[in-house]
Amino acid sequence: MKVLKFGGTSMADAASVSRVADIVQSENANRFVIVSAPGKRRPSDVKVTDMLYACHKARLVRDDVSQEFAAVAERFSAIADSLSLRGVNGFDLDGELENIKSNIDGGADADYVASRGEYLSAYILAAYLDRPFVDAKKIIRFDSEGNFDEKTTFGLCRAVLDAKVGAVIPGFYGACENGAVKTFTRGGSDVSGAIVAGAMNAKIYENYTDVDGFMSCDPRIVRNPKVIDVISYRELRELSYMGADVLHPESIFPVRSRDIPIRIKNTFRPEAKGTLIVPTEKLLCGEYKRKNLPLTGIAGKRGFLSVQVEKSMMNNEKGFARRLLSVLEEYDLSLEHMPSGIDTLSVVIDKHGVEKSRIDGMLMKVKSLLRPDRLEVIDDVALIAVVGHGMNRRKGMMSAITSALYKADVNIRMIDQGSSELNIIIAVENADYEKAVTALYEMSLELETK
Ligand code: ASP
């Protein structure tokens, strides 16, 4: 059994939805289908989910949101009309739209309103495919604290879905114990797909999007980076954490713990192989074949702060690192990396979403508590992760990295190699970020041909 999930661009208009239908029907195998709300049809377009959030926001300040809602209704009506669904037995889009509108008028909350994009998307696809529609509210459950409740959800999935093989299910939301709709964070249909795959013990979770797979480098920086054919869950996690995004980060957990692989595929080029994401141990023991490349991918992010604390005889001062970390904890700052020397200790902090006052407070406290001889703050650091199981015990990796950066005239501010040799983190100045990523990507291509 497979679970197929289709993202927003795959559901954006009637032509895309009919491609989706072709893919779903291309094999006879059992499958469950999870869908997102219609996304952008062109770069300047607005996603239905954003239109729905805007509708809810407008309702908070005025009674009449007919105009906002009409734009949403128009997107779904256009799809249903082009697919000639009007008149299909039991299909009542107008009735569904009316019901949603009256709930919005009645003050429905943001989660309910936003979730209606996925609800209607699945409602339409189920009718078009003539397959059962299962409301995610019936199978995905959150506990009283609003956390995803895996045990109850898995029980519900099995109880409901066993009798509804082939069902089309809306992504992005579920329900609380009291029945109120609750959404995951944005992009959460990926999570819904992974949950159904985990609960139903799928052979594979196929995640359809609008790119050929997981890229080995950021396509906004290097031209046509290669698509990774096979990647382990751990490599994926490292690359996603550093900004490479195709999948919602939480979507790997329900499938990874059950050894279910994920395949990223392109709805618009289903013949492309895509990227297969597989359990780390299975990749390492050779169960999945892939080219023996030293590097799997490169990803990075700007906007980090590096604080270097220097104090002579620091190594004799017990509890120094603990006290430094306690200051970060006090100011609620999360530690990314901590390279150290005999008399120096550095901490690299993610600045995204952190107010300047918290950083200033932390620095003052470090000075007063630790009395360093020197405190150097580098405020504009970018981190680049070079990731791949192939680096393990391979000689010359570090030298290839440093000479590529040297040739590109990039100054390395810090290097941190994890003990598993899965990941080498390089810090460079923000201004050098793109140059450094390009140089490292080119270096990886050279290593490949050697
Ligand atoms: N429609 C939701 C969003 O735009 C969820 C999803 O597409 O996965 O975030």
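Being a predicted model, the structure only gives us computed values, none of them experimental.
- Comment: E235 does not engage R237 in a salt bridge, judged by the lack of any side-chain N to carboxylate O separation of less than 4.0 angstrom.
- Between the R258 side chain and the A199 main chain, no donor and acceptor come within less than 3.5 Å of each other.
- With 3.5 Å as the limit, one finds no donor-acceptor pair spanning the side chains of S102 and D105.
- In this structure, K5 and S189 have side chains that are in contact, with non-hydrogen atoms separated by less than 4.5 Å.
- Here the closest non-hydrogen pair linking S192 and I34 is CB-CG2, 4.0 Å.
- Here the shortest heavy-atom pairing between K137 and A175 reads CG-CB, 3.6 Å.
- Legend: residues meeting ring-ring contact (aromatic ring centres under 6.0 Å, His included) with Y433, ordered by chain and number and at least two apart, are absent.
- Residues S121 and F6 fail the side-chain proximity criterion, which asks for heavy atoms closer than 4.5 Å.
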Give the table of side-chain donor-acceptor pairs shorter than 3.5 Å for residues 39-46, with sequence neighbours excluded, one pair per line with atom names and distance.
from	atom 1	to	atom 2	distance (Å)
R41	NE	D45	OD2	2.6
R41	NH2	D45	OD1	3.1
R41	NH2	D45	OD2	3.3
D45	OD2	R41	N	2.8

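- Between E271 and R269 the shortest side-chain heavy-atom distance falls below 4.5 Å.
- One N or O on the side chain of K351 and one on the backbone of D379 form a donor-acceptor pair closer than 3.5 Å.
- Evaluated for a side-chain contact (heavy atoms from CB on, under 4.5 Å) with T438, the options V222, V410, D218 yield exactly one hit, V222.
- Put simply, the side chain of T183 never gets that close to the backbone of S115: no donor and acceptor are under 3.5 Å apart.
- The two residues N411 and D432 come nearest to each other via the heavy atoms N-OD2, 3.9 Å.
- S16 contributes no side-chain N or O that, together with a main-chain N or O of M11, makes up a donor-acceptor pair within less than 3.5 Å.
- Using modelled atom types, no side-chain atom of R31 and backbone atom of Q25 make a donor-acceptor pair closer than 3.5 Å.
- Using a distance-only test at 3.5 Å, with no hydrogens or angles considered, no donor-acceptor pair links the side chain of E118 to the main chain of S36.
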**Message:** Applying side chain to side chain contact (heavy atoms under 4.5 Å, CB included) to V113 and Y53, what does each step give before you reach the verdict?
**Reply:** CA-CA 7 Å; V113 180; Y53 277 121; over 6 Å; no
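- Using a 4.5 Å heavy-atom cutoff, the side chains of Y233 and P279 are in contact.
- Using a distance-only test at 3.5 Å, with no hydrogens or angles considered, no donor-acceptor pair links the side chain of R19 to the main chain of A15.
- Of the possible polar contacts, none joining the D143 side chain to the D149 backbone as a donor-acceptor pair under 3.5 Å is found.
- Remark: R116 is not positioned above the aromatic ring of Y123, lacking an NZ or CZ atom under 6.0 angstrom from the ring centre and at most 45 degrees off the axis.
- Put simply, CG on D13 and CD1 on I79 are 6.5 Å apart, with the number rounded to the nearest 0.5 Å.
- Side-chain N/O atoms of N207 and D190 include a donor and acceptor closer than 3.5 Å.
- Of all heavy-atom pairs spanning C55 and V65, the tightest one is O-CG1, 3.9 Å.
- The side-chain hydrogen bond (donor to acceptor under 3.5 Å, both in side chains) analysis of residues 329-339, with sequence neighbours excluded, yields the pairs Y241-E336, E330-K365, H337-D416.
- Using cut-offs of 30° and 60° on the angle between ring planes, the pair F304 and H352 is perpendicular.
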**Asked** Taking it one step at a time, do Y119 and Y112 satisfy ring-ring contact (aromatic ring centres under 6.0 Å, His included)?
**Response** CA-CA 10 Å; Y119 175 89; Y112 168 83; 8.4 Å; no
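- With salt bridges taken as basic N to acidic carboxylate O contacts below 4.0 Å, one links K2 and E27.
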**Message:** D360 vs S357, test: side chain to side chain donor-acceptor pair (under 3.5 Å). Steps then yes/no.
**Reply:** CA-CA 5 Å; D360 292 345; S357 59; over 6 Å; no
**Request:** Go through the steps for R290 and T296 under the test side chain to side chain contact (heavy atoms under 4.5 Å, CB included), then give the verdict.
**Result:** CA-CA 10 Å; R290 75 169 176 188; T296 306; 3.5 Å; yes
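- Using a distance-only test at 3.5 Å, with no hydrogens or angles considered, no donor-acceptor pair links the side chain of R131 to the main chain of V168.
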